[in-house]
Number of protein chains: 2
Amino acid sequence: MSSKSKATIADVARAAGVSTATAGRVLGHYGYTSEEKKEQVLKAAQELGYRPNALARSLITGKTRTLGVVAGDIQNPFYASVIRGISNVADANGFGLLITNSDEIPAHEVHAVELLAQKQVDGLIVTPIDTRRARHLFSIKAMGMPLVLIDRAVGGLMVDRVATDNIAAAEQAVRHLIGEGHRRIGIVAELVDENFMTLDQFVSHAIAGDPIESETLYPSWQRLLGYIRAHRIGGLTVDPRLIMRAGSYSAQAAQDVVPPAMTSAHPPTALFTTDGTMSEGTMRALTMLKLSVPENLSLVCFDDLDWMSFLRPGITTVSQPRLAMGEAAARMLLERIRGEEYPSRTVLMPAELILRGSVSRV
Amino acid sequence: MSSKSKATIADVARAAGVSTATAGRVLGHYGYTSEEKKEQVLKAAQELGYRPNALARSLITGKTRTLGVVAGDIQNPFYASVIRGISNVADANGFGLLITNSDEIPAHEVHAVELLAQKQVDGLIVTPIDTRRARHLFSIKAMGMPLVLIDRAVGGLMVDRVATDNIAAAEQAVRHLIGEGHRRIGIVAELVDENFMTLDQFVSHAIAGDPIESETLYPSWQRLLGYIRAHRIGGLTVDPRLIMRAGSYSAQAAQDVVPPAMTSAHPPTALFTTDGTMSEGTMRALTMLKLSVPENLSLVCFDDLDWMSFLRPGITTVSQPRLAMGEAAARMLLERIRGEEYPSRTVLMPAELILRGSVSRV
DNA sequence: CTGATATGTGAGAACGTTCTCGCCCAAGAA
DNA sequence: TTCTTGGGCGAGAACGTTCTCACATATCAG
C-alpha cells in the first residue's frame, strides 16, 4: 500500500516500464506524455506510495517554495497576527513558512537570517532590530534574495517595506485627547536607545519643529514624534516629565515606569501608550494603583488587543491592520520572487482610531 | 567581498588549490585535514562568501534539521505559546521550524502534513483535528517519520503525546465553585460534534458514572466530564440547560450562546468556560448584558490569558503550562529523531487553579 | 516533396553536497 | 625488514529530482 518508506521516481519508472525521464514528466507535470504512459506511471506511483522529494526538486530548480520569516516573538499578538497574514498568502500560493524568533536580539536576527539563507528560502520577511547596522540584510539583498521589511526600516537599505503610519496615527490619538480637554497627557513608550540623539535632544528638536529623519526611526520614537506634533498643533507645551520611558520591550518595564508619574505632584489626566506591550504593563500598573478609567484617568492605547473591546469601559485605541500588513508584505515578496521589477516600495498602512469608553472630557 | 551570488564547494576548492573532497571536509567539519589546507580553504571560503547549501547536504544525509508543526491558528494564544515552546528547544538544538495553520479543518491538516513530508522534515508535531479518522497520520508513522501529538489524541495511533490533564483540572475548577456555595453552575464549551454519542447520551453516561473512553475525547468534552464529576462528588445534579454548547471554535459562538441562559427563569450563579476562546466570547456577552463579575455572577475560566490578571477584579482561572507543553513535545520529538526507542509515551501536564477575584461566596 | 511545428520518448548530465574508496606517507610494533 | 595503524588527500559515486539533448513520429503549410 501507500505506507512503505520511500519510493523514488526511478522505482516508479521501473514498475511502470518507462524511463525515469518519462516518469519524471508525468509526476512533475512538465513536458509531453501520452495518455497511455501517464496512466501507467500514475498507477505505479499510487501503488508504491510515491511522494516527491521536494529537496531534490529544489536543488535542481533553485526554488524551494518556502518563505523565511524573522519576527520578534510569535507570542506577541502583533507578530502573531502579522505572521498569520503572511501565512494566509503563502498558503494560497503553495509556499511553506520557515519561522524564527529574534527576541529583539541583533545576534539572534543575524543567526536566523543565515540559517534561512542556508536553507535556500526563496525570500525573506524581516522585522529588523537595528535600523543602522544590518550588514547581514545588505548581504542578503546583494545576493539577490528578495527581502521585505515589516514595521521598521533600515537606513540606506532599498527594499520593499510595509509599516503603519505611526506618526499620523499617534498624532491623531493625542489630538483626540487634547480635543476632549486634556492638557497634561502622559506617554508610555519603550524608547530603547538609538544612540544617535538623547531623548532630550530628540524632544527639543521635535518641539522646535526641526526636520527629523523619521523613516528609519523606531516605531516608538515615531509615535513619540506624533505625540509631540499633536501638542504643537494644539498649542500645548510638552512636559518632559510626562514622557514615561520604559527602555525595553517588556510589560514589566512599563508597569514600573507608570506609578512614579501618577503619584507625582502634577500627575497627567490622560495616558497614551505606544503599543500592546506598553498597554498591558500600563493596565497592570493602573490596576495596582486602583485608578479607574476613565473616572480618574483617561487612556488611549496603540494596537487593538482582544481585551480592549470587552474590558469595561472599553479602551479607545489606535487599530493597526496587522493581518493586512502581513498579507501585503507576503504579496510584495511573492511579486519579487516572480521576478517583477519595481523601484523599492514603501507601503504605509493607515491606522484607525477606535473610540470606546476610556476617554472622558475634563 | 562576501556579497556575490553563490560560491560552491567546488569554487572554494579551486580557489584554495585543493580537491572538492578536501574542501568539503573542512567546510563540513568531517574527516581529517591538515592545519595548512584547512587555513587555505577557510580563507578561500571567506573571500568567496561561501555559504553551504543545506538542500544539497540534506539530500545526501537524509536529515534536514527541520521540524514540521501543524497547529490550529498561530493567532490563538494557546497555539502561539505552544509554538514558542517548540521554537525554544528547536533553536537550542539547531533545528528550523516549518509552521502551518490547519484552522481546525481536516482537509487543511492533511494537506499540511503532506507538504511537510515532501519537504522532508525530520519530525512532525501535530494538533490533530479528527480523533477518529487520521489516515495521513498513521501513514506518517508507518513511514517511520517521528510524530508527536499535542493537546488531542488519535484513537489507536501509538505515538508520543503531550496534553493537559483536562478532566482533573476542570473538576478542580468546578469543585472550587461548589465549595464557595454555588449550586447552579453553567458551563460554556465548544463541544463540536464527535458523532459517536449525542450530548444527552454523553451527559447521562457521565452522570451515571459509566466508564467512558476519555483518552481520545476532545479537550472540551474532557472538561465537560470534569464538570460533571465535580457535580457527582459534590452531590449536585447536573441541569442540562446549564450546558451552553457553542458548537464551534469561535468567540462569536460563545457570545451567542450565553445570553439566553443568563436571561432564563433560573439563571446560573456561576459560569465555567472551557478555553480561551470561550472565555473571550463569554466576557463579551457579559459586557453586553451589563453583568458584573463577581457581584452578579461568578466566573472561572480555563487557560490563563494576559488580560485575566489585570482586568478587574481579576479572573480566577485554570492555568495550563502552554510553553512547557510545546517544549516537552519538541524534546520528545528530538529524542525520537536521535533514534531513541521507547514505547509510546503520554505526558499529562498538571494545570494550576489560579485564584483571583471573579468568584464570590453565595 | 520540403520544411516547419508539435508531440512523444529515453540517455545522460546537472544541481551541491557527503560518502566510499583507494592511495600515499609516517611512525611504531613485530 | 615487514606489517599495522592512522592521518591526509583526491577521484568519483551517490542522493532524487529536472533539464538538455538527440531522435523519433505525425501533421500541416507552401
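Proteins get letters first, then strands, A, B, ... in listed order; numbering begins at 1 in each.
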Quiz prompt | Heavy-atom pair of closest approach, residues T20(B) and A10(B) | solution = CG2-CA, 3.8 Å

Self-check item: Cationic N near anionic O, under 4.0 Å, R84(B) to D103(A)
Solution: yes

Quiz item: Do T66(A) and K119(A) meet the criterion of a side-chain donor-acceptor pair at a distance under 3.5 Å?
Solution: no

Quiz item: What does nucleotides 9-27 of chain D look like as a protein-contact string, B for base, S for sugar-phosphate only, - for none, at under 4.0 angstrom between heavy atoms?
Solution: BBB--BBBBB---------

Quiz item: Does the pair R133(A)/E109(A) count as a salt bridge with the N-to-O cut at 4.0 Å?
Solution: no

Quiz prompt | Smallest separation among heavy atoms of I74(B) and I83(A), with atom names | solution = CD1-CG2, 3.4 Å

Quiz item: Could E340(B) and R331(B) be called an ion pair, given the rule that one side-chain N must be under 4.0 Å from one carboxylate O?
Solution: no

Quiz item: Is it true that K43(A) and E39(A) have a side-chain N and a carboxylate O under 4.0 angstrom from each other?
Solution: no

Quiz item: Angle, rounded to 10°, between the helical axes spanning five pairs at each terminus of the helix from dC1(C)-dG30(D) to dA30(C)-dT1(D)?
Solution: 40°

